[in-house]
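Working notes, structure below.
Computed from a prediction, not measured in an experiment: that's the story for all the values here.
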Amino acid sequence: MASGEKGKAPKESKVMIGLEIHFQLKGKKLFCDCSTESYGVQKTSFERILSPTASEMGFYDPAAEYEKTRDRKFRYVSTDNSCLVEADEEPPHSPNEDAIATGMMVAGSLNCRPLDSVMFMRKVVVDGSNTSGFQRTAVVGFDGKMETSRGPVRISSVCVEEDSARKIEQDRKVEEDVLYSLDRLGIPLLEIVTEPDILDAEHAVEVAKSIGFIVASTGRSRRQVDSIRQDVNISLGFGRVEIKGIQKLSLIGKSISHEIERQRNMRDAMEILKKRGGMKRPIMFSEAGKYFEKTESKMLKNAFRNRLSIYASVGSNLDGLLKNDQFRVGKDLSDIAKAFGLGGILHTDELPAFGITGKEVEMAREELSPGDEDAIIFVIADKSKAGKLSDAFTSRIKKLSSLDFSETRGPLEDGSTKFLRPLPGKDRMYPETDVPIVQIGSDARQRISEFVPRSEEEIAKDLSEEFSISLQDARTIASNFLLDDFRDLTETTKDGKLSARIMLQTIPEMEKKHKASFETGELNRLLKISTEMGWSRNTLENAMEVMLTRKLDAKQSAKEVQEASLSEGDLMVLVKEIADASGKEIKPGTLIAMLKQKTKKSFDPKEAIEILEKLK
Amino acid sequence: MSDNRESLKLRKIRFVYKGAEQEGTLIHENSGLLTIKLKSGYNIVAEKGAVEIKEESLEEAPQARSSKDTFIGSGPGKVTIVATGGTISSRVDYSTGAVTPSNDISFLKSTVTDLERRFTVELESRDNILSENMTPEKWVNIVRWVKEGLKKSHGVIVSHGTDTMSYTASAVSFMLEKQSGPVIFVGSQRSPDRPSSDAFTNIEAAIHFASAEIGDVGISMHSGNSDNKISLLRATRSRKMHSSRRDAFHSIGEEPMAFYSDGSVVINRLSKRPDDETVINDRLDSSVGLMYFHPSLSPEDLMNYSENKKAVILMGTGLGHAADRLIGPIREMTREGKQIVMTTQCISGTTNLNVYSTGRKLLDAGVLEMGNVVPEIAYVKAMYVLANYDFNDFGKIMKTNLRGELLTREEL
C-alpha cells in the first residue's frame, strides 16, 4: 500500500528492491508420481471455469476478484507427464519429501530458521495457470541472511511450491482465451524471497547468482528454458510493484530502471492532474458509433462488421497526459483494456490517426461537451465490456491519482513492463487440507545439516577435472547453472567434451540460427541413438539440424541423416579415387572441396582426412 | 463456520519462535501444536513449548461476506433446493483442517449466470451430513421434503454427497408414485471452497433441469472433465464409477436423459412427463442385504449375513453366477421364505441364468434374476417393494420396470 492513507501525499523515497527467485527441481512432481520431464506428447484437452473463493478469514483476494470480473474460460491439454492430479481430477498425493529436503538445505545455507513441520497452503491464483485455482506452497525456512559484496541481504523466507501450468497458446485478439499445457504444472519449485535490501540492479544480479549457486550445489535443480524465474519488487514510496517472471538475469537491470522512470513520470502526470482539479467526472463510455458511420478507418469498419461499436468518454483533465514526450497515462489505460480482452484504447492525444478523421473525432467530442483540459477516450467494444471498462478506468485513475502505484506487472522484452493485475494480498492464502502436515524426521534433518554449498569456482574446478573439459567451459556451465543438465547429457553421450560443445555451442547456435528450440525429450533420444551408433560429431550435428529445421522426431532425423550420409566404406572409395587421380599430397581443403563435388551426401571431413593420411 | 462469523475474534499475537520475534494470528491449538498465520499469509505449525507468546490481543475480524438469504432471484422458474450436506456444501473447517459440511450456498448468487432474472430459488437447509452417513430412514425424510418442495415449486433440487447419491436418488424415485415436476440430485467432486469446484456448474445445470418439463428423478453432474457440459442421468440407472473425477457418475446401459450447456437444456431421450400431483409411498423395509460374491465366500458367511434379512441381493460373477457350494444353502434360504436376488458384479450388462448349468441350478434353487438392474438399485428397490407390496408379489414386482430401472433392451 502507498503510505498516503492519512491524507498526506506519498513522496518519493529511497528505492527499495527485493527479489523473489524461483528454481525448478528435477525428479518427480511435488504432489504426484509424474516425472518433471515431458516427451512433449499432448493428450486430451478440457475446459474449465474458475471462481474465487474466500480465505479462511472470510475475505476475497483483490487479484482473484479482478480476474473474476473478466469472465474467463481456460483450456488445458494433458501431457505424458501429467495425471489426474494435475487435471484437478484427483486429490494431491503426499508431498515429494526429496523436494522439501532440498528446500531445507537451501534455507539452511541462507541461514534461515528451519521449520520442524511443513504445512502446505493454497495460494489463490485464478488466472488459469493452476487447474485447481490455487498454488500449493509451504514455508520451509524463514528469517535468513546472506552476505554480499555490498552488505547483508535478509532472506524473508524459503518456500517449496508447485509450478504453474505453461501457457502454450493465447489468441491475441481474445486475451481471455488461453490454452495451458499441464507439463510444467506441479514441478517442485523453490521460492526464495529477499527483504528489500538490494541496492540496485547490479546488486540484484549478484544476489540472484549467489542464491543460484547454492541451489545448483544441491544437485537437484532443473535447468530448462524457463526453470529459473525472478520476480522483482520495487518501491519508490508509491506502493510496491511486483514485476513477475523475469527469465533472464540481464533483464533485471533494465526492468528496474524502466520501472523507476515509469513511476516518476506517472507521479508527475498525476501531480498535473491534481493541479487541474483532479478527475471531475468519472469515466462513462457511451455509444458513439453514429459519428463514424461513414468512416474510412479499416479498424473501425472491421469492428462494426464484428458487431462491435465505438464508445467514447470524457477523460476529465487528462488532455496531454495520455500521451506526450513524457507521459503515458494512455498506455496504462490501454493495458487495462487489453486485460479485458480488448485491443486497447484511442484518445485525443493521438487522434486523428488510424484512418479516423479529425472531423469524426470533433463530432463525438462535441456531444460529450468536454472542458478545455479534458481528453476524449475511445474504445472499440461491446456494450457490456464498455460498461465494465467505465468502472475499471474510473477506479484506475482514482488509484493512480492517490499516488498508489502498487500492482503486479509483467516484463516485456525491451525491459519495460505492462499491467497484469492488482497485487495479491495475504487473503489469497488458506490451508491445503488434502495434504497432511509433514514432520521433518531425524534422518532428513541429518541429511539437510550435512549439506554444504559450494562456490562457483569450486564447482567449475571439480567439473573440469571430472569430465576433462576446459576450465573455461566448466566455468560457463557453472555460472549458467547448467551443471545438472551437463551431467545428464554426459550420461547419454559418454563424452564430456562432446557434451560441453553440444550444450554451449551447437544448441544455442542452431536455435539462434533457425529461431526454433529443441524439444528436450526428442533431442535426448537422438543423442542416445548417436552414442549407440558411434556417430561422428559431424553426423550428430547434421541430425540435430534436421530435427530442428524439419521438426522430425529422433528416429526420423536419424534415418534421414543416415540415408543422406556416406558410409565409411563409400567415403574410403571416394577418397581413394581422388588420391589416385590427384596424388596423395593433395591438401586437406582441396580434398574436402573435391569430395563435395563428387557427392551430395554428407560425410565427416575429419574422417576423410584421416583416410587420406592412412593412404600415405 | 458461517454461524459464528459475526462474533469472530482474531487472536493476534507477538511471539518468538526459533529465536525470531514476529507477529501473527493464532489460528488454533491442537494436540500440543500451534497453527499460526504469519503476516505473509502462510501458516506455520510449531510445538507449543517452542513458541513464546509475548503479547496477545483479541481483534474484531472484519465482517466476512456471508449470507443467510434463503431466497435468491425473482424470475419465473421456481425451484426449491433441499440441502442435505456433502461435498457440495462443504467448507474448510479451520479448527480441524478438514473439509466438513456447511449449509451456506450463497455462492450461487455470483456463480449462476442470469439466475436472478430467470429463476426464484429457495434454499431449505434440511440436514448436514456426509454421504456415507445416509440411511434409509433419512431417505424417507428426503422424499417428504421433496413432496413439500414440489407443492410450492416447479422442481426440486436435492444437494447431496456423491458417495451414496445414487442410492438416495433411486430410493426417492421409487417412493415418488407421482411427481408434479423434476427432482434433481446434485453433488460435487471438488468442494466449493476451491476455485475449480464443479459445484457451481453442476448446480447451475440442476436449476435449469429443475425448470424443465421432466417428471423423473435425475442426477446433475459433469459429462466429462470440462466445465462446459453437464449430464442429467436417470437416478435408477446411475452409478458413481470413479472416486475423484468430475465425470464420476455414469448412466449404466443408457444415455443421459438430458444435457446442459451454454445456458440451455437439451433433452437427449424422452423421459416421463410431470404428473398433475405428487404422491409418495414413504415406507421402506431396510431388512435387505447386498453381498458381493467372491471366490472364498463360504456358505456360513452367506447364511450368517442373510440371517435377519428378508431379501439379499447377490452380486454374482458374469451372467449372475455363484459357486456350486452356495447352491444348497441358497435353496435352503429360499425355502424358508428369503428372497435371494441375483445381479451382476460386472455392473454393465444383464444377468442370464439360462446360459450355463450353474445359472440353471441357481434358478432351480429359487434365485430371482434381476436382468440388467444395477445391483445397488436392486437393493434399494427391494426395500421399497418389501414395504409397499404383498410379499407374495415380491418376485413379480422386482421384475417389473417401475421407474426406468430395468432396461428391456440395450443398444449397441
Original post:
Hey, are B:Lys18 and A:Asp116 close enough for a salt bridge, meaning a charged N less than 4.0 Å from a carboxylate O?
Top reply: yes
Original post:
Looking at CG of B:Asn43 and CD of A:Glu432, how far apart are the two atoms once the value is rounded to the nearest 0.5 Å?
Top reply: 12.0 Å
**OP:** Considering only NZ, NE, NH1 and NH2 on the basic side and carboxylate oxygens on the acidic side, decide whether B:Arg245 and A:Glu90 come within less than 4.0 Å.
**Re:** no
Original post:
How far apart are the C-alpha atoms of B:Arg194 and A:Asp434, what are their side-chain angles, what is the distance that settles it, and do they pass the side chain to side chain contact (heavy atoms under 4.5 Å, CB included) test?
Top reply: CA-CA 12 Å; B:Arg194 306 160 70 104; A:Asp434 297 342; 3.0 Å; yes
Subject >> Carboxylate-amine/guanidinium contact A:Lys73 B:Asp227, below 4.0 Å >> reply: no
Original post:
Which residue out of A:Val193, A:Val139, A:Thr44 racks up the most heavy-atom pairs below 4.5 Å with chain B?
Top reply: A:Val139
Subject >> Between NE2 on residue B:His242 and CG on residue A:Leu84, distance to nearest 0.5 Å >> reply: 5.0 Å
Subject >> Interchain contact, B:Ala46 with chain A, by part (heavy-atom threshold 4.5 Å) >> reply: neither
Original post:
Between A:Thr137 and chain B, which part of the residue has a heavy atom less than 4.5 Å away: side chain, backbone, both or neither?
Top reply: both
**OP:** Give, for atom CD of A:Gln439 and atom CD of B:Glu47, the distance between the pair rounded to the nearest 0.5 Å.
**Re:** 7.5 Å
Original post:
Closest approach of A:Arg113 and B:Ala20, non-hydrogen atoms and distance?
Top reply: NE-CB, 3.4 Å
Original post:
Quick one: CG on B:Leu38 to CZ on A:Phe142, what's the gap to the nearest 0.5 Å?
Top reply: 7.5 Å
Original post:
Checking heavy atoms, do the side chain of B:Ser243, its backbone, both or neither come under 4.5 Å from chain A?
Top reply: neither
Original post:
Given that the side chain runs from C-beta out, which part of B:Thr201 has a heavy atom under 4.5 Å from chain A: side chain, backbone, both or neither?
Top reply: side chain
**OP:** Considering only heavy atoms and a distance below 4.5 Å, find which of A:Ser45, A:Pro436, A:Ala87, A:Pro114 pairs most often with chain B.
**Re:** A:Pro114
Subject >> Atom pair CG/OG of A:Asn130 and B:Ser196 - distance to nearest 0.5 Å >> reply: 9.5 Å
**OP:** Of all the heavy-atom pairs spanning B:Pro195 and A:Gly133, show the shortest one and how long it is.
**Re:** CG-O, 3.4 Å
